[in-house]
Amino acid sequence: MSFGEQLIHISQNLYWLSSTYIAETSNPFHSTKEQLSKLGKDSIISLVKNAYDYAINSITKMDIKTLPKEFKFDGENLNKYQFLNLIEDHQTHHRGQLIVYLRLNGIKPPSYIGW
C-alpha cells in the first residue's frame, strides 16, 4: 500500500471496528475503492481525523458493562475488550509502517508519547 492507502486503510478499519463491535451500529463509512483512489492529501487527512473522532466517540459512549459481550470474528469469539485491543494493535502496526515510509523519504517522523 502507498502512504495514502495506509491512512485510508487505518480509517476504514477504525470506522468498521468501532461501529460494528464497540457501538454496535452500522458502519457509517461507505466509500468505494474507486472513490478512495481519487482522494487527495487534504481529503485523506480529513478522513483520518473523522475516523479517529468517530472511534473516540464510540469508545467514550460505550457502557463498560458491555465489555464482556462476545461477537463472532474470524472463526472465534472476541469480546469488546479484545476489540479495543485489536483496534490499538492495528493502529500501532500501521503507524510503524508509516514511520518507515517517512524515514525512507528523509522525513523525521512526529514525536510519539507513549503511556
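Sequential numbering from 1 along the given sequence is applied to the chain's residues.
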Ser43 side chain to Leu39 main-chain N or O, any donor-acceptor pair under 3.5 Å?
-> no
Can you list the residues that meet the salt bridge (Lys or Arg N to Asp or Glu O under 4.0 Å) rule with Glu34, with sequence neighbours excluded?
-> Lys38
Student check: side-chain heavy atoms of Lys72 and Asn77 closer than 4.5 Å | yes
Could you give me the CA-CA distance, side-chain angles and deciding distance for Leu47 and Leu7, then say whether side chain to side chain contact (heavy atoms under 4.5 Å, CB included) is met?
-> CA-CA 9 Å; Leu47 174 64; Leu7 293 170; over 6 Å; no
List in chain and number order the residues that pass side chain to side chain donor-acceptor pair (under 3.5 Å) with Thr25, two or more places apart in sequence or in another chain; answer none if no residue qualifies.
-> Tyr54
Using links of under 4.5 Å between side-chain heavy atoms of ILVMFWY residues, direct or through other members, which residues join Ile45 in one cluster?
-> none
Write out all pairs satisfying side chain to side chain donor-acceptor pair (under 3.5 Å) with one or both partners inside residues 55-67, taking only residues at least two apart or from two chains.
-> Thr66-Lys80
Salt bridge (charged side-chain N to carboxylate O under 4.0 Å, His left out) pairs, two or more places apart, involving residues 5-16 = none
OH (Tyr81) with more than 12 external heavy atoms under 6.0 Å = no
Residues which pass side-chain contact (heavy atoms from CB on, under 4.5 Å) with Leu86, listed by chain and number, not counting sequence neighbours = Leu17, Phe73, Phe83
Asp74: side-chain contact (heavy atoms from CB on, under 4.5 Å) partners, not counting sequence neighbours | none
Only counting residues at least two apart or in another chain, list the ones meeting side chain to side chain donor-acceptor pair (under 3.5 Å) with Tyr52.
-> Gln91
Are Ile107 and Phe3 joined in one hydrophobic group, where the rule is that I, L, V, M, F, W and Y side chains link up if heavy atoms are under 4.5 Å apart?
-> yes
Qualifying side chain to side chain donor-acceptor pair (under 3.5 Å) pairs, either residue in residues 10-21, two or more places apart | Asn13-His90
Any chain of hydrophobic side-chain contacts (each under 4.5 Å) joining Ile56 to Leu67?
-> no
Hey, could you give me the CD1/CD distance between Ile44 and Gln6, rounded to the nearest 0.5 Å?
-> 11.5 Å
For the student: nearest non-hydrogen atoms of Pro109 and Arg103, plus distance | CG-NE, 3.7 Å
How far does CD of Gln97 sit from OG1 of Thr92, to the nearest 0.5 angstrom?
-> 11.5 Å
Over 12 non-hydrogen atoms of neighbours within 6.0 angstrom of CG in Leu104 = yes
Can you hop from Ile8 to Val100 via hydrophobic side chains spaced under 4.5 Å?
-> no
For Ser31, all residues meeting side-chain contact (heavy atoms from CB on, under 4.5 Å), sequence neighbours excluded = Phe29, Gln35, Leu36
Go through the structure and list residues passing side-chain contact (heavy atoms from CB on, under 4.5 Å) with Ile59, not counting sequence neighbours.
-> Ile22, Leu84
Gap between atom CD of Gln82 and atom CD1 of Ile87 - 0.5 Å precision | 12.5 Å
Starting at CG of Leu14, measure out to CG of Asn50 and round the result to the nearest 0.5 Å.
-> 11.5 Å
Lys49: salt bridge (Lys or Arg N to Asp or Glu O under 4.0 Å) partners, not counting sequence neighbours | none
